[in-house]
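Everything on this sheet refers to the single structure shown next.
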Amino acid sequence: METIQSILASRLAAAAGDTGGIAVTVQSAQDTRFGDYQSNVAMQLAKPRRANPRQLATEIIAKLQVDDLCETPEIAGAGFINFRLKPATISAHLSALAADDRLGTPLVAARRLVVDFSSPNVAKPMHVGHIRSTILGDSLARIGRFLGHTVVADNHIGDWGTQFGMLCLAWKTLLERPALDLDPIAELERIYKIQNERCKTDPTALDAARAELVKLQSGDEENLGIWREMIRLSQAQFDTIYARLAIRFDHVFGESHYNPWLKQTVAALVEKGIARESDGALCVFSDGSVPQKDDPFLIKDENGWKDAPALVQKADGAANYTTTDLATLDFRRREFSPDEVIYVTDGRQQLHFRQLFAIWRRWQPESAFKLSHVWFGSIMGEDGKPFKTRSGDTVKLGQLLDEAEERAFATVTAKSPEMPEAERRDVARIVGIGAVKYADLLPNRQSDYVFSWDKMLSFQGNTAPYLQYSYVRIRSIFRKGGIDPASVRPGAEHPTSNDAVPLTEAGELSLAKKLAQFGEILPMILDDHRPNLLCNYLYELAGAFHSFFESCPVLKAEEPARSTRLLLCDTTARVLAKGLELLGIGVPERM
Ligand code: ARG
């Protein structure tokens, strides 16, 4: 079904005439005192048409046919056109939305999206830094799929690189089997740390590690066997975490998958004159095609601009992270014909991706797909420093999730001691994991956020438990009334099934208008890669629901208000559950 926003936009486009390519857009109004939707089209068109924006707005409104939907549009400020919906429009839209499996979300023109996210490293525990990539990337993939795009979720595991020389050596000399059986990644991390320390001080240890790396890279069976075992053990532990988080990937092509193409990638860059020799290494330098301040191959210091080349082959002939990413991108082009490739990593990799994208454009200028680096800030402790355990170690994701569930269990137990323990455990899992995910998704992703158990697990404020609780509250209305929610939906056996639901109260109308926005915001959230906007929407929706519920009795109301209100309740619950699902968060039926 079409959104109100897009109906208004096409009516407006018809009235505006030839816009010379300027897109006619309509936004939901920030301040609902002035209307429900707003457009700045007159202001945008005023310049090319050399017209006064308010005058132009008047002319557009004169041609505009929206009286079946809105009151007469009004002009505000410098030339905004404001629309106020008629109650009948809102009513009709609510019934259509409630009858729609997609809750009013149109399918968009399908694109092919590759989302590269999570991407932890073999033999190292997944830490809180990987959590944001995992949660953010998964949410973007979910929203993309729901909108009708073809999404390829790819986990670019770090399973190759110089550290494996040290790891092979450490495996042969330091490994303790019982410890490995107990917690493989912890044991791998332990032996890696020891080996790394040794290599720093002992040149023979460093040589030995290098020799192991050369053996591995040249296909030595023993080292390959060890390497495969390390990947298998690490993957098993990652998979446990992904299962707890309900994350799925379409592919787990690790970095090593691209080894067969590294040499030819470098050769192609050299042949095209993009990479050149510098101190024995092969590097990509600035080509001067963009202003210095936008050039990823230049940095500025006190003496002015200087080269910051990207290395694509080290002096010893080895490829690196950039080479692998270039080969990966070329693979994705061949394999998936993407319209967009989205990388979700922390902000410290910004330069890497700016360089990667620039090299790619020079290498394959004919490939026009969009490249997006969706980066995020750090997670901070309540002391304002990067989030660490009490002993100063990085917090491991598995332990973090354990603690979330434990804390949620205590809260749920305090709230509903009568609930059987097994159910309390289930609810705690949904609430605890949901709280962690939501706390991660809610802040603007580019800012750092402070990790606070108390805040994220609170039932008040903009949190997952608050939204889950709002859902549960609605479900309990239906239980209390002995009503099957499906029976109140249009099309079901129901008194109002054929009419538009008559909305009269302010609380009903505001809630219905909020519900209509669900399908309008999702495309924009994906375009901007900002699931935080979905969090805020759901929070506002829950707020609109609570105001409605305070002013409008539901079960005690007379018909037809009772049915209308039950429909508002049910649709709110469905949108809350769907919205949370798109964030990767579940809802319990009771809590
Ligand atoms: N493994 C990397 C890390 O832990 C992230 C990889 C991101 N994806 C990519 N294609 N570079 O930092």
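Computed over heavy atoms, backbone and side chain alike; hydrogens, waters and symmetry mates excluded. We count ligands from 1, going down the list as the structure has it; atoms in each ligand are counted the same way. All values derive from a computational prediction rather than experimental measurement. Heads up: numbering here begins at 1 and tracks the sequence.
Contact annotation: F117 has no heavy atom less than 4.0 Å from any atom of ligand 1. Put simply, no part of T328 is less than 4.0 Å from ligand 1, judged by heavy atoms.
Residue Q349 has at least one heavy-atom neighbour below 4.0 Å for each of these atoms of ligand 1: 3 (C), 12 (O). Heavy-atom contacts of Y321 reach the following atoms of ligand 1: 2 (C), 5 (C), 6 (C), 7 (C), 9 (C), 11 (N) (cutoff under 4.0 Å). Close contacts of ligand 1 with T345, meaning ligand atoms under 4.0 Å from a residue heavy atom, involve 7 (C). Applying the 4.0 Å criterion to heavy atoms of D116 picks out, from ligand 1, the atoms 7 (C), 8 (N), 9 (C), 10 (N). Counting atoms of ligand 1 from 1 in the listed order, those under 4.0 Å from a heavy atom of Y343 are 10 (N).
Geometrically, R530 does not engage F376 in a cation-pi contact defined by less than 6.0 Å to the ring centre and at most 45° from the axis.
A salt bridge between E403 and R407 is present, with a side-chain N of the basic residue lying under 4.0 Å from a carboxylate O of the acidic one.
No more than 12 heavy-atom neighbours from other residues, nucleotides or ligands sit within 6.0 angstrom of CZ on R348.
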(request) Decide yes or no on salt bridge (charged side-chain N to carboxylate O under 4.0 Å, His left out) for E212 and K172, but give the supporting numbers first. (result) CA-CA 10 Å; E212 295 296 340; K172 290 175 189 174; 2.7 Å; yes

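Ring centroids of F117 and H156 are separated by 6.0 Å or more, keeping the two rings apart.
At a 4.0 Å heavy-atom cut-off, ligand 1 touches N121 through the side chain alone.
When only modelled atom types and interatomic distance are considered, S367 and W360 share a side-chain donor-acceptor pair under 3.5 Å.
An N or O contact shorter than 3.5 Å links S119 to ligand 1 by distance. The shortest N or O to N or O distance between D325 and ligand 1 is under 3.5 Å.
The main-chain N or O of K215 is found under 3.5 Å from a side-chain atom of S218 such that the two form a donor-acceptor pair.
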